[in-house]
**Q** 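Dumping the structure here so I can ask a few things about it.
Each ligand, and each atom within it, is numbered from 1 in the order the structure gives. Fair warning: this is a prediction, and the values are worked out from it, not measured in the lab. No hydrogens, no waters, no symmetry mates; every other heavy atom, side chains included, goes into these values.
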Amino acid sequence: MEIDHDAIAANVAALRSHARAPRLMAVVKADGYGHGLVEAARSAVAGGADELAVALVEEGEALRAAGVDVPILLLTEPPAAAIGALLTARLTPTVYSPGFVTALQEAAAAREGPPAAVHLKLDTGMRRVGVPPADWEDALRRVRDAGALHLAGLWSHFAVADEPDHPFIAEQADAFARGLELARALDAAPDVAHLANSAATLDLPDTHHDLVRPGLAVYGLEPAPGLAGEVPLRPALALRARLSLVKRLTEGEAVSYGLTWAPDRDTCLGTVPAGYADGVVRALGNRARALVGGRRVPYAGRVCMDQFCVDLGPDATEADGDEVTLIGGQGDERVSVDEWAGLLGTINYEIITRIGPRVPRVHLGAAGES
Ligand SMILES: Cc1ncc(COP(=O)(O)O)c(C=O)c1O
C-alpha cells in the first residue's frame, strides 16, 4: 500500500481554502482511515489542519506519544475509566452524559492547571450519540457550571449530508443553530461550533460555522460522486503488488477454489500475492479488474486468503515480478476505490479502512518523510 502524503497535505490545503470556516479539524480515526494514524496526522497538520479528531483514547495517546501537539478531539465519550488517561494525554473529550460530565469535573478539579477543555455534542437527528434536544438546556448548564471544565466546542453530526437534496439536512442545521442560540442565551457560548463532515465541507457552506471536520476528503475521496465539485481532491492510497507467477493456461482449465472460472481460449494467467486477508475482498473474484502493463485485466476465479489470479490474455508478455495495480493508477488507466465499492455494494470508507495489517505501508511524499 502506497500512501501519497503530498496528496493528503494538498487535500487539506484545498479543503481549508474552500471552507468558509477559519479552522479545520482533520479526522484521523481508524488508523487515519487506513492511511496510518501518525503519518496521516502529520501530513494533515503540514497541509494546514488546526486540530485532529479520533474515536479512541488510545488513538489520541498514540498521537501524543509521536509528538503530535495540536488539539485532539475524541469524537465519542469514552468510558469513565479512561478519564485519567485522556487528561494526562491532553485530549479533548466530547461529552454528552451527565454522569460522565460529573466524573470528568471531579477528576479535572483534583488536578492542577487550567480547566479541561470539552466539546458538548448535541444530537440534532443522527440519534446515535449526543444530548437529545429535551436535555440541551440541562447539559449546557451542567458544563457551564462545572468550574474545572471549559466549553471549548459545541457540535453535532449530519445523517445525510452526502445526499445534498435531502430535506433533513436543513432540519439538522436549523436544530444546531437553535442549540447554539440557547448556549449563548445561557451564557455558555463555546469557543467553536462545528457541524460539517466532508460532504458538508464540500457542498454545504452555510453549515461551516467556526470549524469544518472532514475525514474522507482529507484522503482524496468523495462521500458521493461529484460532491467535490471544483475542489481538487487527490486520492492518497494505492495498492500494488508484483505478479508472483505467470503461466500459460489451456482453454477450459478452471482456476482457484470452486473452479468458478475457466478461459474460453488459451491464455496467460497471472497470480497476485494478495488476498482477502489483505483487504482484497473475496466478492471481487470474477468481477473486478486490475491493471497490468497499463491494461485492465479481469480477476480470474475466486479471491483466496493470500492470493488471486488475473487473466492476462493470450498475447501477454508479462513475467513474474511485473507490477500489478489493484487500486490506483497505472499508465493511462486507473482502478478507483469507488470502483471496488460499487462492485461490492458498499462505501469507499469501508474499503480503505479494511486493508489488512500485514500489507506493508510505503509512505511517499515530503509530509510522510518528515
Ligand atoms: C462525528 C464525526 N465527524 C466527522 C466525521 C468525518 O466524516 P467524513 O469522513 O464523512 O468526512 C466522522 C466520520 O465518521 C464522524 O463520525
Side-chain angles (χ1 to χ4, degrees), residues 8 11-12 14-16 18-19 21 23-35 37 40-41 44 47 49-57 59-60 71-78 91-96 118-131 153-164 166 168-169 172-173 175-176 179 192-205 207-229 231 233 235-237 337-338 341 346-354:
I8 293 177
N11 293 333
V12 169
L15 291 163
R16 210 172 182 291
H18 173 74
R23 294 178 74 78
L24 183 146
M25 174 188 285
V27 182
V28 295
K29 63 188 173 138
D31 197 28
Y33 283 45
H35 296 66
L37 172 67
D50 306 279
E51 312 190 16
L52 299 167
V54 295
L56 306 179
V57 172
E59 293 173 324
I72 299 173
L73 179 68
L74 297 170
L75 291 170
T76 43
E77 198 179 72
L91 307 178
T92 306
T94 287
V95 300
Y96 33 82
V118 301
H119 286 213
L120 182 69
K121 180 172 186 190
L122 304 181
D123 179 8
T124 56
M126 178 79 167
R127 306 195 181 100
R128 183 175 59 173
V129 292
V131 183
L154 188 72
W155 69 276
S156 191
H157 192 45
F158 279 120
V160 285
D162 55 339
E163 298 175 45
H166 203 297
F168 202 60
I169 290 174
Q172 283 195 266
F176 186 65
V192 291
H194 52 106
L195 180 59
N197 57 2
S198 291
T201 301
L202 291 165
D203 202 42
L204 302 170
T207 67
H208 289 184
H209 293 277
D210 306 306
L211 176 150
V212 291
R213 201 178 64 231
L216 189 76
V218 165
Y219 309 99
L221 300 179
E222 291 180 306
L227 262 192
V231 183
L233 297 182
L237 179 155
V337 175
D338 292 305
T346 186
I347 52 175
N348 46 18
Y349 298 74
E350 189 176 12
I351 307 290
I352 58 177
T353 53
R354 296 189 68 178

**Q** Quick one: look at Met126 and ligand 1, take heavy-atom pairs under 4.0 Å, and tell me if it's side chain, backbone, both or neither.
**A** neither

**Q** If you count the atoms of ligand 1 from 1 in the order shown, which ones are under 4.0 Å from a heavy atom of Tyr33?
**A** 6 (C), 7 (O), 8 (P), 9 (O), 13 (C)

**Q** Should you measure from each heavy atom of Trp155, which atoms of ligand 1 turn up under 4.0 Å away?
**A**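 In order of number, 1 (C).
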
**Q** Can you pull out the closest protein heavy atom to atom 16 (O) of ligand 1? Residue, atom name and distance to 0.1 Å, please.
**A** Lys29 NZ, 3.4 Å

**Q** Rounded to the nearest 0.5 Å, what's the gap from NZ on Lys29 to CG on Leu56? Could you check?
**A** 9.5 Å

**Q** Of the listed options (Ala55, Ala30, Ala26, Ser198), which comes nearest to atom 8 (P) of ligand 1 when hydrogens are ignored and any heavy atom counts?
**A** Ser198

**Q** Under 4.0 Å, heavy-atom basis, I'd like to know which part of His157 is in contact with ligand 1: side chain, backbone, both or neither.
**A**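 Just the side chain.
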
**Q** Taking N or O atoms only and a 3.5 Å limit, does Lys121 qualify as a polar contact for ligand 1?
**A** no

**Q** Do me a favour and list the nearest non-hydrogen protein atom to atom 10 (O) of ligand 1 with residue, atom name and distance?
**A**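 Answer, as residue, atom name and distance: Tyr349 OH, 2.6 Å.
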
**Q** So, His208 versus His194, ring centres under 6.0 angstrom or not?
**A**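 No - the distance between ring centres of His208 and His194 does not fall below the 6.0 Å cut-off.
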
**Q** Test side chain to side chain contact (heavy atoms under 4.5 Å, CB included) on Gln172 and His157 and set out the steps.
**A** CA-CA 8 Å; Gln172 283 195 266; His157 192 45; 5.9 Å; no

**Q** So which heavy atom on Thr207 is nearest to which on Leu195, and how close?
**A** O-CB, 3.8 Å

**Q** Arg128: heavy atom below 4.0 Å from ligand 1, yes or no?
**A** yes

**Q** Please report the shortest heavy-atom distance between Asn197 and Ala161, naming the atom on each side.
**A** OD1-CB, 3.6 Å

**Q** Enumerate the atoms of ligand 1 whose separation from the nearest heavy atom of Pro214 is less than 4.0 angstrom.
**A** 11 (O)

**Q** Among all protein heavy atoms, pick out the one at the shortest distance from atom 4 (C) of ligand 1; state its residue, atom name and that distance to 0.1 Å.
**A**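 I find the closest protein heavy atom is Arg213 NE, 3.4 Å.
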
**Q** Does the N or O separation between Gly215 and ligand 1 drop below 3.5 Å for any pair?
**A** yes

**Q** Below 4.0 angstrom from a heavy atom of Leu216, which ligand 1 atoms are there? Numbered from 1 as shown, please.
**A** 8 (P), 9 (O), 11 (O)

**Q** Evaluate side chain to side chain contact (heavy atoms under 4.5 Å, CB included) for Met25 paired with Val212, printing each intermediate quantity in order.
**A** CA-CA 6 Å; Met25 174 188 285; Val212 291; over 6 Å; no

**Q** Which word best sums up how the rings of Tyr219 and Tyr33 line up, parallel for under 30°, tilted for 30 to 60°, or perpendicular for over 60°?
**A** parallel

**Q** Do Leu75 and Trp155 come within less than 4.5 Å of each other through their side chains, counting heavy atoms only?
**A**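 Result yes, sub-4.5 Å side-chain heavy-atom pair found.
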
